[in-house]
Engineer: 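Below is a structure I'd like to ask you about.
Note that the coordinates shown come from a computational prediction; the quantities given were computed from them, not determined experimentally. Quick note: residue numbers are just sequence positions, from 1.
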Amino acid sequence: MRERLNFWVIGGDPRQSTLARALSEDGHTVHTYALERGVDAALWADSLAGASVADCVILPLPAADGEYINAPLSSQRPKITQVLEALRPGQLLCGGMISPELRAQGEERGLTLVDYFSREELAIANAVPTSEGAIQIAMEELPITLHGSRVLVIGSGRLGKVLVQQLKGLGANVSLAARKFSDLAWAQVWGCGVEHSDQLDHWLCGYDLVINTVPAPILGREELSDLKPGALVIDLASKPGGVDFSAAADLGVKVIWALSLPGKTAPVTAGLAVKSTIYNILTELGV
């Protein structure tokens, strides 16, 4: 990656504010658009004129909300088409959770699109603030300490692994639910109890807290009905989630669907992780 680059950061939340400031502090030329409530005026651009000469244009996470760029820190609502039309063919456009519609429009204009949210290094980095955010919610919502409580983590991916370690560090009695026997074997090595995620019915009655990380139906009416009174369920899975929310409401089970925690609980850390990921993308592309 070259030492000095021209970046445009368009739209976004405090993660993109952090990203823009950090890129500027690294010595790059930075312009922002539709982010005026998040950065100093020195980084503002009144229009997209000049965006076509950028080495990299960065959209937020998620990149768009329907036909508009996601821009909660701006009074403007730039349309996707408005942004794409301001760019030149072949230009690098990075965004988070790029929709098929946005990708199709970008490719039609000859842009090079990269979804930084799909990068493994960003997913690993985001697991830490997501886990800490879930633990914060549990501490605020439960009438007991996590120390000594019985907690079930469903899913053995990046986030599940981080959750297990952080919860154990707080003194919780942690079990891991997974499908692969190899993952269950690792859980036992870590000193955790184990549950098979396909066989959770009739096995949840002892848990004070259940945290789901699996973005597929996993906690239905039968599983939820087995929870003891006062148990808390935190669903960290992306849409459509892993919990039958209608059944939970009928049964009186408290479920908190906690999406996008890195941007809410640790936007500075999350923004710096995006910066690091963008740098990796540029290095791989030889920019």
Side-chain angles (χ1 to χ4, degrees), residues 118 120 123-124 126-261:
S118 67
E120 179 70 10
I124 292 170
N126 276 338
V128 174
T130 302
S131 177
E132 289 187 3
I135 289 171
Q136 178 182 344
I137 292 170
M139 287 179 166
E140 292 172 348
E141 296 293 336
L142 285 171
I144 59 174
T145 61
L146 287 175
H147 181 89
S149 65
R150 291 197 63 197
V151 183
L152 177 66
V153 175
I154 303 174
S156 58
R158 314 169 197 92
L159 178 53
K161 290 180 173 66
V162 173
L163 273 165
V164 165
Q165 298 302 322
Q166 292 190 339
L167 287 163
K168 282 181 64 64
L170 291 170
N173 297 308
V174 183
S175 293
L176 177 72
R179 289 182 177 178
K180 294 182 180 178
F181 291 111
S182 57
D183 290 332
L184 298 179
W186 274 113
Q188 290 175 316
V189 169
W190 299 331
C192 297
V194 297
E195 306 279 4
H196 200 286
S197 56
D198 288 334
Q199 302 168 7
L200 290 178
D201 50 308
H202 307 305
W203 290 100
L204 299 182
C205 59
Y207 291 105
D208 304 296
L209 171 64
V210 177
I211 304 178
N212 176 57
T213 69
V214 179
I218 196 84
L219 293 175
R221 183 175 294 273
E222 188 170 359
E223 290 80 12
L224 293 168
S225 64
D226 193 40
L227 291 168
K228 66 182 183 180
L232 173 66
V233 177
I234 300 176
D235 193 359
L236 301 176
S238 56
K239 295 180 180 180
V243 179
D244 185 334
F245 298 102
S246 177
D250 291 343
L251 295 166
V253 175
K254 186 167 188 177
V255 179
I256 297 176
W257 195 8
L259 297 174
S260 302
L261 284 180

Engineer: Would you indicate whether the side-chain heavy atoms of I135 and L167 approach each other to under 4.5 Å?
Structural biologist: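 Yes - at least one pair of side-chain heavy atoms lies under 4.5 Å apart.
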
Engineer: Which atoms form the tightest heavy-atom contact between G206 and K228, and what is the distance?
Structural biologist: O-NZ, 4.0 Å

Engineer: What's the shortest heavy-atom distance between V214 and G155, and which atoms?
Structural biologist: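 What the structure gives for the nearest pair is CG2-CA, 3.7 Å.
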
Engineer: Looking at A134 and L163, what are the two nearest heavy atoms and their distance?
Structural biologist: CB-CD2, 4.4 Å

Engineer: Under 3.5 Å, is there a donor-acceptor pair between the side chain of S131 and the main chain of V128?
Structural biologist: no

Engineer: Please examine the side chains of Q166 and V162, heavy atoms only from C-beta on, and report whether any two atoms are closer than 4.5 Å.
Structural biologist: yes

Engineer: Would you call L204 and L219 a side-chain contact if the rule is heavy atoms closer than 4.5 Å?
Structural biologist: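 They are in contact (side-chain heavy atoms under 4.5 Å apart), so the answer is yes.
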
Engineer: Looking at every non-hydrogen atom in both residues, tell me the closest pair between L259 and A237 and how far apart they are.
Structural biologist: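 Nearest heavy atoms, L259 then A237: CD2-O, 3.2 Å.
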
Engineer: Evaluate whether atom CH2 of W257 has more than 12 neighbouring non-hydrogen atoms of other residues, nucleotides or ligands under 6.0 angstrom away.
Structural biologist: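 Counting neighbours around CH2 of W257, more than 12 heavy atoms of other residues, nucleotides or ligands fall under 6.0 Å, so yes.
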
Engineer: Have a look at V255 and tell me which of V210, I234, V233 forms a side chain to side chain contact (heavy atoms under 4.5 Å, CB included) with it.
Structural biologist: V233

Engineer: Using modelled atom types and a 3.5 Å cut-off, is there a donor and acceptor pairing between side-chain atoms of H196 and backbone atoms of R179?
Structural biologist: yes

Engineer: Nearest 0.5 angstrom please: I218 CD1 to S197 OG, how far?
Structural biologist: 4.5 Å

Engineer: Would you say the side chain of C192 lies within less than 4.5 Å of the side chain of V164, judging by non-hydrogen atoms?
Structural biologist: yes

Engineer: Working to the nearest 0.5 Å, report the span between CG of L236 and CD1 of I256.
Structural biologist: 10.5 Å

Engineer: Which atom names give the shortest non-hydrogen contact between A247 and L224, and what distance separates them?
Structural biologist: CB-CD1, 4.3 Å

Engineer: Taking atom types as modelled, find out whether E140 and Q136 have a side-chain donor-acceptor pair closer than 3.5 angstrom.
Structural biologist: yes

Engineer: Rounded to the nearest 0.5 Å, how far apart are OG1 of T145 and CE of M139?
Structural biologist: 9.0 Å

Engineer: Is there a side-chain contact between R221 and D250 in this structure, where contact means two heavy atoms from C-beta onward sitting under 4.5 Å apart?
Structural biologist: yes

Engineer: Tell me the closest heavy-atom pair linking L142 and L146, and the distance in Å.
Structural biologist: CD1-CD2, 4.1 Å

Engineer: Can you tell me how far the OG1 atom of T130 sits from the CZ atom of R158, to the nearest 0.5 Å?
Structural biologist: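 Reported value, rounded in 0.5 Å steps: 11.0 Å.
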
Engineer: Would you say the side-chain atoms of D208 and S149 include a donor-acceptor pair closer than 3.5 Å?
Structural biologist: no

Engineer: Is a donor on one side and an acceptor on the other found under 3.5 Å between the side chain of T213 and the backbone of I154?
Structural biologist: yes

Engineer: Working to the nearest 0.5 Å, report the span between NZ of K168 and CG of N173.
Structural biologist: 8.0 Å

Engineer: Please report the interatomic distance CD(Q188) to OG(S175), rounded to the nearest 0.5 Å.
Structural biologist: 10.0 Å

Engineer: For the pair D226 (side chain) and W203 (backbone), establish whether a donor and an acceptor sit closer than 3.5 Å, ignoring hydrogens and angles.
Structural biologist: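 Yes.
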
